[in-house]
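Remember, it's 1-based here, ligands and their atoms both numbered in the order they're listed. The structure presented is a predicted model; accordingly, all values stated were derived computationally and were not measured. Note that the numbering runs from 1 along the sequence shown for the chain.
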Amino acid sequence: MKKEIASFKVNDRAHEVLITPNMTLSELLREHLGLTGTKNACGAGECGSCTVLVDGKPILSCSTLAIAVQDKEILCIEGLSRGPELHSLQEAFIDAGAIQCGFCTPGMIMTAKAMLEGNPNPTRDQVKEGLGGNICRCTGYVKIIDAVMGAADTLSKGGK
Ligand code: FES
Ligand code: FES
């Protein structure tokens with residue numbers, strides 16, 4: 001298959017990568033850039049574990065071709081923290097005990113980040129609806145919703 005060099009901006013860093021036309025964004029992140037925080041659970045667009053933000057919008061990286069997001073702003077879980085300082089959503093997931101196996105967590109957090117940017121003070125029902133495309137097999141969701149509500153509170157008081 002023909003390969004070509006394509007340029008990507010991931011977590012504020014520029015990369016040039018030799019790609020094939022059928023390479024997905026999750027493959028690009030995980031296998032070529034070493035950003036394995038983004039998970040690929042179903043690989044079929046059904047679970048949300050591979051969610052990353054492209055130009056601020058959540059997309060399923062397992063179902064998105066890398067070539068389609070050339071030169072766009074890609075943000076994945078590794079881009080949320082600042083050095084050792086975690087993002088409020090990451091802190092809130094830890095504090096609420098919203099992580100068990102952790103496989104769904106990066107996708108949940110990226111989806112929640114986009115949701116809170118659009119609606120900084122959501123109700124519990126709005127959080128539930130906003131995370132509707134993200135499946136968790138472990139937690140029963142209550143603690144995940146607690147975490148997002150907690151992060152919304154922190155962020156509305158000026159947290160990062
Ligand atoms: S791995 Fe992409 S939706 Fe499940
Ligand atoms: S913590 Fe295991 S799938 Fe959500």
* Can you tell me the angle formed at atom 2 (Fe) of ligand 1 by SG of Cys62 and SG of Cys50, to 10°? ->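 Taking atom 2 (Fe) of ligand 1 as the apex, the two atoms subtend 100°.
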* Is the backbone N or O of Cys50 less than 3.5 Å from a side-chain atom of Ser61, with the two atoms forming a donor-acceptor pair by type? ->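 Yes; at least one donor-acceptor contact below 3.5 Å.
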* To do: Report all protein residues having a heavy-atom distance below 4.0 Å to some atom of ligand 2; order the list by chain, then number.
  =>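 Those residues closer than 4.0 Å to ligand 2 by some heavy atom are Gln100, Cys101, Gly102, Cys104, Cys136, Arg137, Cys138, Thr139.
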* Flag if over 12 foreign heavy atoms under 6.0 Å of CD, Glu129 ->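 Incorrect, the count does not exceed 12.
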Quick check on contacts: which atoms of ligand 1 are under 4.0 angstrom from a heavy atom of [X]?
| X | value |
| --- | --- |
| Asn40 | 1 (S) |
| Gly45 | 3 (S) |
| Gly48 | 3 (S), 4 (Fe) |

* Indicate whether any N or O donor in one side chain lies under 3.5 Å from an N or O acceptor in the other, for Asp125 and Thr123. =>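 No.
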* Asked: So if you build clusters from Ile, Leu, Val, Met, Phe, Trp, Tyr with side-chain heavy-atom gaps below 4.5 Å, do Phe103 and Leu131 land together?
  ->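 Different hydrophobic clusters.
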* **Joint cluster assignment, Ile67 & Leu33, ILVMFWY side-chain distance < 4.5 Å** =>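 Yes, Ile67 connects to Leu33 through the hydrophobic network.
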* Can you name the residues that form a salt bridge (Lys or Arg N to Asp or Glu O under 4.0 Å) with Arg124, not counting sequence neighbours? ->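 Checked Arg124 against salt bridge (Lys or Arg N to Asp or Glu O under 4.0 Å); matches are Asp146.
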List, one per line, each side-chain donor-acceptor pair under 3.5 Å for residues 78-85, sequence neighbours excluded.
{"from": "Glu78", "atom 1": "OE2", "to": "Thr36", "atom 2": "N", "distance (Å)": "3.3"}
{"from": "Glu78", "atom 1": "OE2", "to": "Gly37", "atom 2": "N", "distance (Å)": "2.7"}

* Do any pairs count as a side-chain hydrogen bond (donor to acceptor under 3.5 Å, both in side chains) and have a residue in residues 95-105, sequence neighbours left out, and if so which ones? ->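 Those involving residues 95-105 do not exist here.
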* Give a yes or no on whether Cys42 keeps an N, O or S atom under 2.8 Å from atom 2 (Fe) of ligand 1. =>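 No N, O or S atom of Cys42 is closer than 2.8 Å to atom 2 (Fe) of ligand 1, so no.
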